Each structure stands twice: as C-alpha cells, then as structure tokens.
2 protein chains.
Amino acid sequence: MKTLTLNSKKQRLNIAIAVALSASTLISLPASANEKVRWKVQAVFGTHLPALGDPIKYVSEQIKEASNGNIQFKIYEPGKLVPPFGITEAVKNKQLNAGYTWLGYDQGKIPAAALFAAVPFGMEPWAYASWWYDGEGKKLAEKLYEKHNIHPVLCSVIGPETAGWFKKELKSLKDIEGLKIRFAGLGGKVMQKAGASVTVLPGGEIFPALEKGAIDASEFSMPAIDQMMGFDKIAKNNYFPGWHQTFTASHLVVNTDTWNSLTDGQRAMIDMACTAGTFRALTRGEALQGSVINGFEAKNVTARQLPDDVLDQLKSLTDEVMSEISAKDADFKEIYQSQQAFAEEYKVWKSRAYLPNKY
Amino acid sequence: MKTLTLNSKKQRLNIAIAVALSASTLISLPASANEKVRWKVQAVFGTHLPALGDPIKYVSEQIKEASNGNIQFKIYEPGKLVPPFGITEAVKNKQLNAGYTWLGYDQGKIPAAALFAAVPFGMEPWAYASWWYDGEGKKLAEKLYEKHNIHPVLCSVIGPETAGWFKKELKSLKDIEGLKIRFAGLGGKVMQKAGASVTVLPGGEIFPALEKGAIDASEFSMPAIDQMMGFDKIAKNNYFPGWHQTFTASHLVVNTDTWNSLTDGQRAMIDMACTAGTFRALTRGEALQGSVINGFEAKNVTARQLPDDVLDQLKSLTDEVMSEISAKDADFKEIYQSQQAFAEEYKVWKSRAYLPNKY
C-alpha cells in the first residue's frame, strides 16, 4: 500500500480548499459564525434563587443547546470573580466580558440606571417590558450605558417585591422613623426621606444582619425568594403591596467591544435567549408566590397590607425624590418622563380592558 | 508538477476523515444538526396584524438569523395553503409540517382545545403563560394534541380583546337577545346562551358581513387590530372589559413526526424563539392600545364599559357553559379545573402585591 504524502505547497493548498468547500457544503455557515463564544459571566444573585437568580442559568443552558455549543456562558456565583456591586465596573474595563446584574446597584455612579432596575410606584413588570421593547426603554438604556462601554440586554423581569419584612407592625409612617432597614434602589431613597436609617447590603449579608439586630427590617425580593433567605424566621410581618419595586428587572451587561465582535447570528441568539429568559422569569415569579403566602400561617408569619394613608404618604415622598433627582440629572429626567408618558397611555387600556379583581 | 490522485479506498477514507475532523474542529456541530429545516407554515391571521398576526414573522426571522439559516419557515398568509379553520387537520395529516393557529377554532372537534386559546372570565395573559410554563398547561396541551399527532408550542399571547363592536348601545342583557353577532370560542357559547344568534367567521370575512348587515356586531381582537379591520367605520360602540377573552393565545402546531425528527438543538431553538415571540406579542399588544382608544373621539367611536349587572349575568352564564361542557368532556373538565386551581392560588399574590389602580 502506498502511503500518501503531500509534499508540494500546491497540494496542501488543494486539500485545504477541499476541506473548506466540504465544510461549507455541510453547514452553510458564514466563516465568522464559527468563532466560538466563551464568556465568564458574573452573576449578582445566587442562581438557586427562583425567578430572580435562575434566569441566567436558563439562558445559558438554552443558548448552549440551540447553538450546538457555539455560544457558552460560564456562570459564576455572587462574589466569585468580582464583588456583587462591582460587576458593571468590571465589564466596563473588560476585566469581564459580561455580567448578569441589577442596574439599581449602579445608582451611586449613574443615577438614571436605577430607573431600568426598579421604580417606586412604577409600572407593572409587563408594562415595563412593553416600554423596554416597544417604547423607548431599550434605546434609552443603550444610550445611557454606551458612555460606560457597556451594552445592556434585558434578561429578566419579575413582579413586585414585598414591601419588606419587619419585626414590628407598621401602623403609621412615624413607625419608619429611626428604623434601621436594608432597602435598595430608589425605594431606599424614599425610605430615607421617611426617616429610616437605610443601608444597602448584598443579598447574602441580609440574614446575618437581621439576626444580629444590626438592622430591624429588610426588603429583598418576592416571598418565595425571601423565604429561602430565612427572613421569615426573624421578621414576622411581611408587608404588601410592593410600592417601592413594582417590577424588578435584571440585565445581561456585555462589554461593548465584545458585543460588537459577535456575528449578527450570535447577537440574535443572545437577544432571543434573554427575551425568552425574561418572560420565563416573569411567569416563574408569578407562579410561586401564592402558595408561599398561603403557608405563612404555619410559620407564624403575617401578611399585611400597608395602611392606605401610609401608601399615600410614600407616594408623595416618591414624587419628591423623583423631582429632586430629575432636577440634578438630565438622563434621569429624560428616562423618567419617558416611563411616565408610557404608563399614562397604558393606563387608558389597562383600566378598561382587564376585568375587575373580583372575578 | 505531480498531479495528486487518490486511488486506494484507504486514501479516500483518510481524506474524508481529515475533512470531517476539520469540519468538526471548525464548527463543533453534531452531524445531525446539519440537516436543514424548511417548513411551510400556514398562518391563521394576516401577518400584518400587530401582536396577533405578526409574532410568527418575528419568530421565523429570529430563528433564521440565530440558526445561520439552518432553520427556515416560509409563512403563508391566511387561506393560501389550507383554509383558516383547517390548519390543525392539515398538520395532523402531514399535509403541512406546521401551522400558526388559534386552537379555539378546533373546539367543534376538540372541545378542550378552546381552553388553551381563550377563556371567558379567565386568567390575565401573564397568568395564563405562567400556568402554561410553570403550571400544568404545556403538559396538558401536549397530552391533548398527542392524540391528534400534533405537538403544540405556545407562540403568542396577548391581552384581552374588546368585548366587541356594536352598532347600538347595550343597556341590559336583553339587548343581546336576537342580536346577529360574530363571536368565537367559548365566549360565543356564552353569547348564544344569552340569546344572540352567533356565527364564527374568519377575520377577513367580518367587515363585509358587518357592512352588508349580515351581522349587527362582532368581536375579533384588540382595538389596534380591530381598527385595521375597519370595524370602527360601521359599529361605533366599542365595549370593555374583554370578559370573553381575558387572554388570546396562539400556537405553532407541528406534526409530531416532524417534531420528533428534529435534533435537540433545533427543538431548543424553536422553543426559545416561540417563548421570545410570545413575550414580544404580549408587550406589543399592551403598547399599542392606549393611543388607539385615545383616538376614538376623532372617529366618533365611543369606548364603553359593560354595565356591572350585565357583567355579573355574563359571569353566571359562563359558569353554566363551563359546567355543561365539563360534564360532557373529561379533557375539558381536567384542564379547566387545572386553570381554576392555578388562578385561585395566583389571586392571593396578585391582590396583595400589585398597587391599586389609582396610583
């Protein structure tokens, strides 16, 4: 048997062309689509937390499957690569290609960022998503974060948080004065105005702080998630409605250069996966809470509604906070006005089309 | 120069292996993933209709882009391949690989199908989707349609329809008696019980029927869509809330053998695209209605709410209809009970967590 040896350059080239042609016939992919995506993605929430933390897991699993392994995210639990509140900074500086975070944690450096994360007396989660995709939301977020070399992709939205877990019952706004409380985002600023002493701790540090008595009360997320954090063991009054975060949105933040280096197909895949992930987060969040609230009695937890006058007062304080930040920050003003205009028009529809709650 | 000739089988095999290895290094696809998907998809709604008809266009465009052309749907406008109400039958018989349809049109042959399409006094669209993905919905739909050799994929959900367009004002339930009206799905059965003479026409035939006076009133979809159909030119009273279809879901129906012939990656891609498409349909539908209602005055159209007592009576008639069908059809009973149990638990959450409408 003759051994095949390819000595001349031309022969090697012929084979190379044959290989290339065969490959292109087999798969019909543009060459650039073959470049694999391998990102380390730092998550801000534990991926065991349903609806809040697990969407990025769903997204990465679906992308890997649907792209036949072409795109793979390796997800890191909170704090593994960079601290929870340092994710966007690390992505901006290309220390990370991408992160999954809550933009409200950026409000110290970028006040307007909070509006994309959660808004007191804001829209319902589906209305926020509608503003994002079909109104001006996505465009405004991309514009805001372009300055920071980041491309944000909406990758989760869930319903209201509870208004918090309190050791003592709240009977009037006076009961908030002097209260040591963990309260994030714009809602935290409203609580500050109401006289509370507000801290913002990452999720993992809340339970120890409650246990030690370093804080008297805390909000974090929805009942099913808060219960996993153990808040119900210490603070027995769980308040509603979730006035301070009527929606909670999380984003995949991608370094702009990294995003631009993708093919159109890869960008479409990530957009589609995050859109699907956002919806699945919403539906999962809505599905899980009823049974948790129904189980409160057995745990000596009481679900309570904030008194009407407290809610009205919190609304007034919210209006003050939003005006003050709008006066100082043009981005905040533009984005908040866009949300309010959208919500105003939406109200015409939602108040007419949906059945009253009694049915 | 020596011409390269490969004479022995072994040599040809070596080259083949080299090609295969190079290809797999380049792209990491399992061989089966190279099989292209080319489906003709018959749509039941015109793809120009926002939120109701265009989701399948979005889905097919996104899939084509994200799969680098591996999966392509060719969408056919209503009636091009098979009549609007014959889509599932054609998919069942493999006359078509797939269709995009409203399962309520199957209720004559499969009574329980209507529950996956729209339910009078049913759930909000996000709650329906939550039941579908996170409750028993998807599983029950797959079980029901398995008998018909069809795999259904949720591919759009939108908010309530209007309660219809009427030439005359409705002051009591008596005004429905004898009314010739186009009303689809389970809501149509309720209207029949209320004494109306009900027909179900495909979308494209409604306007001519209204114009000729063959019908006095009609429902079809949301205001932005109905307006494109021209109903506002003839019937000047547009009623709310959308009691008869609190959500409207559409599905990609795929022949089971066709579905099973796909790779895991292809199935993941289609699932993901339809999940994203479902959400985008919902957000688009919610975004468009406010401005249409705000424009009614200029068109001499009046948006009206059904009187409370009429709504209560329609609720009672709905309960009767649902009981009657449940008594006759075990699938219907099982699926309706599943929806009601889910909605009951969801109510605990939605009534506590969301802000009152006044804010």
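Every value quoted in this text rests on a predicted model; they were computed, and no experiment measured them. Just so it is clear: chains get the letters A, B, ... in the order the sequence lines come, proteins before strands, and each one is counted from 1.
- Contacts with chain A were tallied for B:Pro223, B:Ala127, B:Gly265; B:Gly265 has the most, counting heavy-atom pairs under 4.5 Å.
- With salt bridges taken as basic N to acidic carboxylate O contacts below 4.0 Å, none links A:Lys358 and B:Asp308.
- Both the backbone and the side chain of A:Leu311 have a heavy atom closer than 4.5 Å to some heavy atom of chain B.
- Taking the six-membered ring for Trp and the full ring otherwise, B:Tyr354 and A:Trp126 have centroids separated by under 6.0 Å.
- For the atom pair B:Lys350 NZ and A:Glu286 CD, the distance stands at 10.0 Å (nearest 0.5 Å).
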In a table with atom names and distances, give each donor-acceptor pair under 3.5 Å that connects a side chain of residues 154-162 of chain B to protein atoms at least two apart or in another chain.
residue, atom, partner, partner atom, Å
B:Glu161, OE1, B:His244, NE2, 3.1
B:Glu161, OE2, B:Gln245, NE2, 2.8
B:Thr162, OG1, B:Gly164, N, 3.0
B:Thr162, OG1, B:Asn238, ND2, 3.0

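- Shown here are the side chain to side chain donor-acceptor pair (under 3.5 Å) partners of A:Asn294, two or more places apart in sequence or in another chain: there are none.
- Per-residue counts of heavy-atom pairs under 4.5 Å with chain A were compared for B:Ala343, B:Ala163, B:Ala353; the largest is that of B:Ala353.
- With respect to chain A, the highest number of heavy-atom pairs below 4.5 Å among B:Gln305, B:Lys347, B:Glu344, B:Met222 belongs to B:Gln305.
- Remark: B:Ile293 CD1 to A:Ser351 OG distance equals 8.0 Å, nearest 0.5 Å.
- Heavy-atom pairs under 4.5 Å with chain A peak, among B:Gly242, B:Pro356, B:Ser291, at B:Ser291.
- Using a 4.5 Å cut-off between heavy atoms, A:Ala303 contacts chain B through both its backbone and its side chain.
- Distance check, rounded to the nearest 0.5 Å: CZ of A:Arg304 to CZ of B:Arg352 gives 9.5 Å.
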query = What do the steps show when you test A:Met269 against B:Met272 for side chain to side chain contact (heavy atoms under 4.5 Å, CB included), and what is the final call?
reply = CA-CA 9 Å; A:Met269 177 77 86; B:Met272 198 164 72; 3.5 Å; yes
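- Contact annotation for A:Asp312: both backbone and side-chain heavy atoms come within less than 4.5 Å of a heavy atom of chain B.
- Near-neighbour residues of residues 275-282 of chain A relative to chain B, defined by a heavy atom under 4.5 Å from a heavy atom of that chain, comprise A:Thr275, A:Ala276, A:Thr278, A:Phe279, A:Arg280, A:Leu282.
- Take B:Arg267 and apply the side-chain contact (heavy atoms from CB on, under 4.5 Å) test, not counting sequence neighbours, and it matches B:Trp259, B:Leu262, B:Asp264.
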Pair A:Tyr346-B:Gln289, side chain to side chain contact (heavy atoms under 4.5 Å, CB included): steps then yes or no = CA-CA 8 Å; A:Tyr346 181 58; B:Gln289 313 310 322; over 6 Å; no
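- Put simply, the side chain of B:Ser130 gets close to the backbone of A:Thr283: a donor and an acceptor are under 3.5 Å apart.
- Contacts between A:Tyr128 and chain B at a heavy-atom distance below 4.5 Å are absent for every atom of the residue.
- The shortest non-hydrogen separation linking B:Glu345 to A:Ala287 is OE2-O, 4.0 Å.
- In this structure, the separation between CG on A:Leu355 and CH2 on B:Trp243 is 10.0 Å, given to the nearest 0.5 Å.
- Here the side chain of A:Asp134 pairs a donor or acceptor atom with the backbone of B:Arg284 at under 3.5 angstrom.
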